[in-house]
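We number each residue from 1, following the sequence as shown. This one's a predicted model, so the numbers in the text were calculated from it and none came from an experiment.
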Amino acid sequence: MIFIGVDPGKSGGVACIDDENNMQCFRFPKDLSSLVSTMKIIRKIDKCFAKLELVHSFPNQGVKSTFTFGENYGIWQGILSTLDIKYSKVTPRKWMAHYGVLPKVKKDRKNRLKDIAQRAYPDTKVTLYVADAILIAKYAKEKYEESRNTSRGSKGN
């Protein structure tokens, strides 16, 4: 199984983690056709499940950035649906809580998340562009494994 984490922000990315904990990540490309081609290849390799970060606009956010943010979010929903990749949405608060107490200041929080992702995948050059996507994919994989272990444990009881 391949677990996909999607950070749909303009400077977001996507990460894929397989059952053996191999991980690949990349920044959200400007060229949508290359993104679709990459996702098609990933889809052909194995069964996939994605977690898409549930995003929304913020007060005082610029009109252009809000529109771009929403557009990227819609693009990801369309790609995942079209390629028949099952996915669920997860709020930033929920997936971030999985990694413990984080700083309230955004810059400090982002750097802390990047550090967590880098420690989890030391052979990968983790950037701020892909750190959230990596941790969303890792969250998806760990939640899936937890649910499987819980269901196995309750079968004999």
Side-chain angles (χ1 to χ4, degrees), residues 1-96 98-99 102 106-107 109-145 147-148:
M1 168 103 61
I2 296 175
F3 299 90
I4 303 168
V6 180
D7 172 7
K10 180 181 177 185
S11 53
V14 63
C16 304
I17 302 172
D18 68 14
D19 290 323
E20 325 293 81
N21 216 31
N22 298 307
M23 192 272 303
Q24 291 185 345
C25 59
F26 52 93
R27 188 175 172 186
F28 190 68
K30 304 265 187 255
D31 175 22
L32 287 181
S33 62
S34 66
L35 174 62
V36 171
S37 295
T38 301
M39 295 308 293
K40 281 181 181 177
I41 291 167
I42 292 166
R43 178 68 180 105
K44 286 180 183 178
I45 293 171
D46 202 349
K47 185 177 177 183
C48 298
F49 177 73
K51 283 277 187 191
L52 174 63
E53 187 175 50
L54 180 60
V55 295
H56 56 82
S57 62
F58 297 97
N60 301 320
Q61 189 176 10
V63 174
K64 185 177 183 332
S65 62
T66 300
F67 187 80
T68 301
F69 204 36
E71 184 179 31
N72 287 352
Y73 184 67
I75 286 168
W76 274 108
Q77 288 182 32
I79 289 171
L80 295 171
S81 295
T82 299
L83 295 177
D84 199 27
I85 296 173
K86 292 188 181 346
Y87 72 95
S88 65
K89 300 170 189 170
V90 62
T91 63
R93 181 173 294 192
K94 188 167 186 173
W95 73 259
M96 284 183 201
H98 183 71
Y99 297 102
L102 298 169
K106 183 178 180 178
K107 182 179 178 184
R109 184 174 60 249
K110 289 292 191 180
N111 284 321
R112 177 76 177 112
L113 290 168
K114 179 180 175 268
D115 290 342
I116 293 169
Q118 188 65 71
R119 277 199 315 275
Y121 296 96
D123 295 336
T124 300
K125 170 80 169 109
V126 176
T127 66
L128 289 172
Y129 295 112
V130 296
D132 286 5
I134 292 169
L135 294 178
I136 294 167
K138 187 174 183 308
Y139 169 81
K141 182 177 189 286
E142 290 172 1
K143 287 297 178 182
Y144 175 81
E145 289 169 348
S147 71
R148 287 191 57 186

> Considering residues at least two apart in sequence or located in another chain, which fulfil the salt bridge (charged side-chain N to carboxylate O under 4.0 Å, His left out) criterion with Lys40?
Replying inline: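 Once residues adjacent in sequence are excluded, Lys40 has no partner under the salt bridge (charged side-chain N to carboxylate O under 4.0 Å, His left out) criterion.
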> Does Tyr99 use its side chain to pair, donor to acceptor, with the backbone of Tyr139 at less than 3.5 Å?
Replying inline: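 Judged by distance alone, yes, a pair lies under 3.5 Å.
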> Distance-only, no hydrogens or angles: does the Tyr144 side chain make a donor-acceptor pair with backbone N or O of Phe49 under 3.5 Å?
Replying inline: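 Here the side-chain-to-backbone pair does not exist.
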>> side chain to side chain contact (heavy atoms under 4.5 Å, CB included), that's the test. Do Asn21 and Tyr121 meet it? Break it down for me.
In response: CA-CA 9 Å; Asn21 216 31; Tyr121 296 96; 2.9 Å; yes
Atom [atom1] of [X] and atom [atom2] of [Y]: how far apart are they, to the nearest 0.5 Å?
X      : Y      : atom1 : atom2 : result
Leu135 : Met96  : CG    : CE    : 9.0 Å
Lys143 : His98  : NZ    : NE2   : 6.0 Å
Thr127 : Phe26  : OG1   : CZ    : 12.5 Å
Ile4   : Leu80  : CD1   : CG    : 6.5 Å
Phe3   : Asp46  : CZ    : CG    : 9.0 Å
Lys107 : Leu128 : NZ    : CG    : 9.5 Å

Where is the tightest heavy-atom contact between [X] and [Y], given as atom of each residue plus distance?
X     : Y      : answer
Ile42 : Cys16  : CD1-SG, 3.3 Å
Glu53 : Trp95  : OE2-NE1, 2.9 Å
Gly13 : Ala133 : O-CB, 3.3 Å

> Going by heavy atoms in the side chains, are Val6 and Tyr73 under 4.5 Å from each other?
Replying inline: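 Heavy-atom side-chain distance check fails, nothing below 4.5 Å.
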>> I'd like to check the side chain to side chain donor-acceptor pair (under 3.5 Å) partners of Ser37; sequence neighbours left out, ordered by chain and number.
In response: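 Residues passing side chain to side chain donor-acceptor pair (under 3.5 Å) with Ser37: none at all.
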>> Using the side chain to side chain donor-acceptor pair (under 3.5 Å) criterion, which residues pair with Asn22? Sequence neighbours excluded.
In response: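 Asp18.
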>> Would you say CD of Gln77 has more than 12 non-hydrogen atoms from neighbouring residues, nucleotides or ligands within 6.0 angstrom?
In response: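 Counting neighbours around CD of Gln77, more than 12 heavy atoms of other residues, nucleotides or ligands fall under 6.0 Å, so yes.
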>> The criterion is side-chain contact (heavy atoms from CB on, under 4.5 Å); which residues satisfy it with Ile45, sequence neighbours excluded?
In response: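 Ile2, Ile41.
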>> I'd like to check the side-chain contact (heavy atoms from CB on, under 4.5 Å) partners of Ala131; sequence neighbours left out, ordered by chain and number.
In response: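 Expected list: Lys114, Ala117, Val126.
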>> Under a plain distance cut-off of 3.5 Å, with no hydrogens placed, do Asp7 and Tyr129 share a side-chain donor-acceptor pair?
In response: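 No, because no side-chain N or O of Tyr129 sits under 3.5 Å from a partner of the opposite role on Asp7.
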>> Please list all pairs meeting salt bridge (charged side-chain N to carboxylate O under 4.0 Å, His left out) that have one or both residues in residues 117-132, counting only residues at least two apart or in different chains.
In response: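 Pairs touching residues 117-132 that pass the test: Lys110-Asp132.
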